[in-house]
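Only one structure is covered here, and it is reproduced in the block below.
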Amino acid sequence: MRFDVLTLFPELFSSFLKETILGRAVKAGVVDIRLVNIRSFARGRHLVADDRPFGGGEGMVMKPGPISRALESVDRTKGRSLVVLLTPQGRTFDQTLAWELSRMEQVVLICGHYEGVDERIRASCVDLELSIGDYVLSGGETAAMVVMDAVSRLVPGVLGGEKSAQEDSFEDGLLEYPQYTRPRVFKNQEVPEILLSGDHEKIRVWRRTASLKRTLERRPDLLEKAKLTEEDKRILGKLRKKPEK
Ligand code: 9D3
């Protein structure tokens with residue numbers, strides 16, 4: 001899997017790439033990340049990459065030329081490749097999209113900044129526009145990190161394989177059950193007795209029930225798309241009748 005990140009601020013990525021799982025995946029050669037500085041494709045003595053909006057208004061817009069030339073500098077001849085523009089107007093990124101992107105050989109991420117990118121880039125070069133959620137960021141760089149983090153851990157060989165990624169919360173569409181470690185008592189709160197019992201079947205049912213309860217209480221919207229077994233449906237029925245349990 002290869003990511004090409006087009007940005008005006010490549011330095012923002014350095015600690016992210018050094019300190020995360022992604023950094024390890026890069027070292028292991030499973031993921032390749034190339035940072036392309038858009039500014040180095042700008043022209044003139046001042047390498048200007050942004051300009052005032054036609055029609056007037058606040059802020060600056062990223063010029064199409066530098067982004068277009070940066071994109072042309074990226075080798076896109078080696079397999080399935082997708083050009084993604086990170087923008088507040090995009091489709092909201094989620095785990096389903098993360099799986100789809102993980103099946104690409106190459107994802108080119110264009111990070112906008114200022115008020116955004118000249119519309120003609122979107123129209124002529126972009127395959128997919130992505131937002132990471134309904135809040136205002138100052139640019140696409142942090143969004144690109146979010147996308148690379150979520151996608152790369154699904155690539156076989158990154159996290160210890162697809163298997164562990166599949167076991168995660170959101171893969172069955174439910175929230176995770178609560179986790180505990182030592183000590184057994186912390187600030188007067190005890191670890192649920194059942195987790196110390198050694199009865200693996202009881203623990204499994206307790207955890208599944210806790211997952212379903214949390215999802216019902218906090219994210220009932222997730223239950224509509226969740227992969228539920230007959231056992232889950234039975235547990236949910238009980239929880240809906242006795243929500244205090
Ligand atoms: C406050 C400025 N806005 C109103 C005129 C428009 C605006 C322009 C550029 C708002 C945010 C941005 C920068 N954001 C991104 O590039 C971005 C983003 C985001 O802000 N939220 C969620 N996902 C993404 S992906 C890229």
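One-based numbering, in listed order, for ligands and for the atoms of each. The first residue in the sequence is number 1, and the count goes up from there.
Nearest protein heavy-atom contact of atom 1 (C) of ligand 1 is Val136 CG1, 4.0 Å. Given atom 21 (N) of ligand 1, the protein heavy atom at minimum distance is Tyr135 O, 2.8 Å. Nearest protein heavy-atom contact of atom 9 (C) of ligand 1 is Tyr114 O, 3.3 Å. The shortest contact between atom 22 (C) of ligand 1 and any protein heavy atom is with Gly133 O, 3.1 Å.
Proximity annotation for atom 3 (N) of ligand 1: of Gln89, Glu58, Glu115, Glu115 comes nearest, heavy atoms only. Among Ile132, Leu130, Asp134, Leu137, the residue whose heavy atom lies closest to atom 14 (N) of ligand 1 is Leu137. The nearest non-hydrogen atom to atom 15 (C) of ligand 1, considering only Gly57, Gly116, Pro88, comes from Pro88.
Within a 6.0 Å radius of CD in Glu11, more than 12 heavy atoms belonging to other residues, nucleotides or ligands are found. A 6.0 Å sphere centred on CG of Asp134 holds no more than 12 heavy atoms belonging to other residues, nucleotides or ligands.
Numbered from 1 in the order shown, with element, the atoms of ligand 1 that lie under 4.0 Å from a heavy atom of Ala143 read 25 (S).
Between Lys233 and Glu230 there is a salt bridge, since a side-chain N of the basic residue sits under 4.0 Å from a carboxylate O of the acidic one. Ion pairing between a basic and an acidic side chain is recognised when a charged N comes within 4.0 Å of a carboxylate O; Asp232 and Arg234 show no such pairing. Salt-bridge annotation for Glu119 and Arg122: present, with a side-chain N of the basic residue lying under 4.0 Å from a carboxylate O of the acidic one. Here Asp172 pairs with Arg208 in a salt bridge; the nearest charged N to carboxylate O distance falls below 4.0 Å.
Contact annotation: for Ser131 versus ligand 1, heavy atoms closer than 4.0 Å belong to both the backbone and the side chain.
No option in Pro10, Ser68, Pro66 other than Pro66 meets the side chain to side chain contact (heavy atoms under 4.5 Å, CB included) test with Ile38.
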